[in-house]
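A short worksheet on the structure shown next.
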Amino acid sequence: MFYPIRNNARFFVFMYILGLVCALNEIPLHLKGATSYPLAWIELFFDLYFLCLILVALPKRIRVLVRRIICVILYFAAIVDVFCYVKFESTLTPTMLLLVGETNGREAGEFITGYITAGIFNSLLGIVILIIILHILCLFYSRSLHRKKGRFYMLQAIINDNARNLSGILQPFFSISALLLLIYGAFVCSHNKVATYHLMSASNIGDVEHTLTEKGHAELYLPVYRLIFSIYANHLASKQVEKLIESMNKVVVDSCSYRSKNIVLIIGESYNKHHSQLYGYEHPTTPRQVALAKTGLLVPFTDVVSPWNLTSYVFKNVFSTHALGEPGDWCDGVLFPQLFRKAGYHVSFITNQFLPKAKEAVYDFSGGFFLNNPQLSKSQFDTRNASLHTYDDGLLKDYDELRKYNGKNNLIIFHLMGQHVNYKQRYPSDRKFFKPESYDRPALSGREKYILSDYDNATRYNDSIVACIVNKFYNEDAIVIYMPDHGEECFDNDYHFYGRLHSSGIDYRLAREEFEIPFWIWCSHKYATTHPYIFKEIVDAKTRPFMTDNLSHMLLYLAGIHCPQYKSKFNLLSPDYDVNRPRMLKLTTDYNKLEKK
């Protein structure tokens, strides 16, 4: 039982030290209360043992070569991963790998001179480099002893003999210990191994993301595992990018009437419809939207749901002309901004979330890869903002700077951070309106009331941002559509939970909180008088059931774009609209059939 370790002793010891140093010290800094993986010590033993078992099965010469190659790979992965952790406060992510692939030689040189300084050797990276140096010195020392003759050679022989004798005496102890550790490792680590296999066998990047939302998902506790995962995630994303590029090259617009000169789409984030004053919430979270609705120019829709409670899934399905339930996948459709550009619209994308950044989580990578791919980005957008902001008011300044590039006909897409957790970070401290004592809800704890007040403050701040965007088009011939990506739990009906649940089962309570969303359309006075028939269609459609995966068809109609992808049965404003279409949440549950209690 101990032979695989003894036969690869130096390799086992140094790789175990390296793995443990990384696993225990690379703690996610952005997660409050995060700790290292508690089973790292035993799972690392388990993994290395079986790696050594494979090595001893190889002929000696091949074994030495394979062992060296593995050492190089493991050390390389550790250096890269720890460097990312030291410099960007994040371990290796798919986005980092994507950015490396898009970096040219000059940018790489600037990066090296800018980031690799003497100071990094005083960090965790210095410890990893020290382990490598000690491993190399140990290797050379062992070789030099084998070459030396005379008394040093004799001394080494005596030491070796004594070591063998001692090893023979302790052999049963080592073997039993190895066996017990392997049995224990198999028992406690089997779940993580199964979860890792499940993660690494996903057929698309969306499934990867969804797997990581599940309770008990895989713990990629070693740098090399994170490197393999990043390569795999990029491979999956590239397959969908290839499909989208293929579709991009076949985009055809038959004609365009430019029915609406300025179409503005505002996409919010994590917005619970039942925390909106516009939809009857008892607290004044949306006073500006209420005021706009009183003018009659803002029309709230009453029966709208999101197809998913994950931003990336929503973005893929909203941006694609493919409708859920139709044959194929979202990437088999065409991205609607491409159709707008092909038709001659000037398309702007102003986002506070989907700009590639080093410490980006897999969720943002999954949602943004098709927006940030250089070819796809160029085919969709004429202008984009270049930086993220602490608060969404930064997007207003971005638009003011980009506005000068607008054309005669424009599609402008705003993507806000909205009420994305952590809620307290979504509004400036001087914009605090609600306090824990604002709520007469004895069932909630003091902490829960604090979180609730932060959520409502973020909602009220979001109301001010949305109103500012509307105000920029007040005197224009413009139509503004507002929708968030999905809903959010926030202690409604005294349910002691906030955020989102990602269980497979969906009942009405879950759908109400996480899938029902606010959705409204505002028309400037000029637009309403110039397009009275469209305004009437909007008012007539406000109670129709709708799911936002078909938003692109309504946008194409508003622009007057005629193309093969447009289908009137999916256009919310069309008399041909299919009101009986199943609204499948997460492709599993028909919202129309849920019993509303």
Side-chain angles (χ1 to χ4, degrees), residues 30 262-272 275-278 283-293 298 311 315 347-357 359-360 364 367-368 371 381 383-406 410-435 451 453-476 478-486 488 490 517-520 522 524:
H30 63 285
N262 295 287
I263 301 173
V264 183
L265 173 62
I266 308 173
I267 304 177
E269 172 72 49
S270 304
Y271 198 147
N272 186 312
H275 281 251
S276 169
Q277 181 189 3
L278 184 66
H283 296 283
T285 52
T286 59
R288 297 166 184 84
Q289 290 171 56
V290 169
L292 289 170
L298 185 150
T311 304
F315 259 74
V347 182
S348 301
F349 183 53
I350 304 163
T351 178
N352 206 17
Q353 189 171 348
F354 285 154
L355 289 176
K357 51 189 182 295
K359 57 194 294 186
E360 184 173 67
D364 289 336
L371 300 170
F381 313 119
T383 52
R384 295 187 61 165
N385 65 321
S387 57
L388 302 176
H389 307 279
T390 303
Y391 305 113
D392 283 333
D393 61 356
L395 298 186
L396 303 176
K397 298 173 185 176
D398 285 345
Y399 176 68
D400 289 339
E401 293 176 2
L402 297 173
R403 192 171 192 166
K404 60 188 175 185
Y405 299 111
N406 282 359
N410 303 285
L411 170 66
I412 301 140
I413 304 170
F414 288 91
H415 176 210
L416 313 177
M417 279 296 283
Q419 293 95 298
H420 195 291
V421 291
N422 184 347
Y423 314 135
K424 191 173 184 179
Q425 297 175 357
R426 298 294 162 252
Y427 65 95
S429 57
D430 61 354
R431 299 291 291 274
K432 186 184 290 289
F433 183 86
F434 301 103
K435 298 178 181 178
I451 295 170
S453 66
D454 284 333
Y455 185 80
D456 284 350
N457 281 322
T459 304
R460 188 178 171 95
Y461 176 69
N462 180 77
D463 177 64
S464 70
I465 299 300
V466 170
C468 285
I469 294 173
V470 167
N471 191 55
K472 290 182 182 295
F473 299 92
Y474 195 82
N475 296 317
E476 302 281 341
I479 182 169
V480 178
I481 300 99
Y482 176 81
M483 56 158 276
D485 52 0
H486 50 71
E488 184 94 345
C490 198
I517 57 172
F519 182 97
W520 50 256
W522 174 86
S524 68

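Below, each value reflects all heavy atoms present in this structure, side chains not excepted, and no hydrogens, waters or symmetry copies. Model, not experiment: these values are computed from the prediction.
Minimum interatomic distance between I517 and H486 (heavy atoms only, all atoms of both residues): CG2-C, 3.6 Å. Nearest approach of L416 to Q353, heavy atoms of both residues: O-OE1, 4.4 Å. V466 approaches I266 most closely through the heavy-atom pair CG1-CD1, 4.2 Å. When all heavy atoms are compared, the tightest approach of S270 to D485 is N-OD1, 3.0 Å. K435 and S453 make their closest contact through C-CB, 3.8 Å (heavy atoms, listed as atom of the first residue, atom of the second, distance). Closest heavy-atom contact between L355 and A386: CD1-C, 3.6 Å.
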Discussion item. Test side chain to side chain contact (heavy atoms under 4.5 Å, CB included) on W520 and L292; report intermediate values, then the result.
Written reply: CA-CA 11 Å; W520 50 256; L292 289 170; 5.5 Å; no

Worksheet entry | Candidate pair Y423 and N457, rule side chain to side chain contact (heavy atoms under 4.5 Å, CB included), full reasoning | CA-CA 8 Å; Y423 314 135; N457 281 322; over 6 Å; no

Discussion item. Walk me through whether L298 and Y482 qualify under side chain to side chain contact (heavy atoms under 4.5 Å, CB included).
Written reply: CA-CA 10 Å; L298 185 150; Y482 176 81; over 6 Å; no

Practice prompt. Verify side chain to side chain contact (heavy atoms under 4.5 Å, CB included) between Y455 and V421, making sure each step is shown before the conclusion.
Written response: CA-CA 9 Å; Y455 185 80; V421 291; over 6 Å; no

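A distance of 14.5 Å separates CD1 in I350 from NZ in K397, rounded to the nearest 0.5 Å. Atom NE2 in H420 sits 10.5 Å away from atom CD in Q425 (nearest 0.5 Å). Between the CG atom in D392 and the CG atom in D398 there is a gap of 10.5 Å [rounded to 0.5 Å]. Note that OG of S348 and CG of L411 are 8.0 Å apart. Values are rounded to the nearest 0.5 Å. The OH atom of Y461 lies 12.0 Å from the CE atom of M417; values are rounded to the nearest 0.5 Å. A distance of 9.5 Å separates NE2 of H275 from CD of E488, quoted to the nearest 0.5 Å.
Within the 4.5 Å cutoff, the side chain of Y271 has heavy atoms near those of the P518 side chain. In this structure, L396 and K472 have side chains that are in contact, with non-hydrogen atoms separated by less than 4.5 Å. In this structure, L371 and F315 have side chains that are in contact, with non-hydrogen atoms separated by less than 4.5 Å. Residues I465 and F414 fail the side-chain proximity criterion, which asks for heavy atoms closer than 4.5 Å. Between Y474 and W522, the closest side-chain pair of non-hydrogen atoms falls below 4.5 Å. Counting only heavy atoms from C-beta outward, the side chains of I481 and F519 approach each other to under 4.5 Å. Between I263 and L265, every side-chain heavy-atom pair lies at or beyond the 4.5 Å cut-off. At a threshold of 4.5 Å between non-hydrogen side-chain atoms, the residues E401 and N385 do not count as touching.
N406 and Y399 share a side-chain donor-acceptor pair at under 3.5 Å. For the residue pair Q419 / T459, a side-chain donor-acceptor distance below 3.5 Å is found, with atom types taken as modelled. At a cut-off of 3.5 Å, with distance as the only test, a side-chain donor of Y427 or D454 sits close to an acceptor on the other residue.
Residue K432 places its NZ atom among more than 12 non-hydrogen atoms of other residues, nucleotides or ligands, all under 6.0 Å distant. By the neighbour-count criterion of 12 heavy atoms within 6.0 Å, atom NZ of K424 is sparsely surrounded, having that number or fewer from other residues, nucleotides or ligands.
Tested against S464, the residues R431, R288, Q289 include a single side-chain hydrogen bond (donor to acceptor under 3.5 Å, both in side chains) partner, R431.
T286 contributes no side-chain N or O that, together with a main-chain N or O of D463, makes up a donor-acceptor pair within less than 3.5 Å. Of the possible donor and acceptor atoms, none in the side chain of S524 sits under 3.5 Å from a partner among the backbone N and O of N475.
Between F381 and F349, the two ring planes are parallel [angle under 30°; tilted spans 30° to 60°].
A salt bridge links E476 and R403; the closest N-O separation between the charged side-chain nitrogens and carboxylate oxygens is under 4.0 Å.
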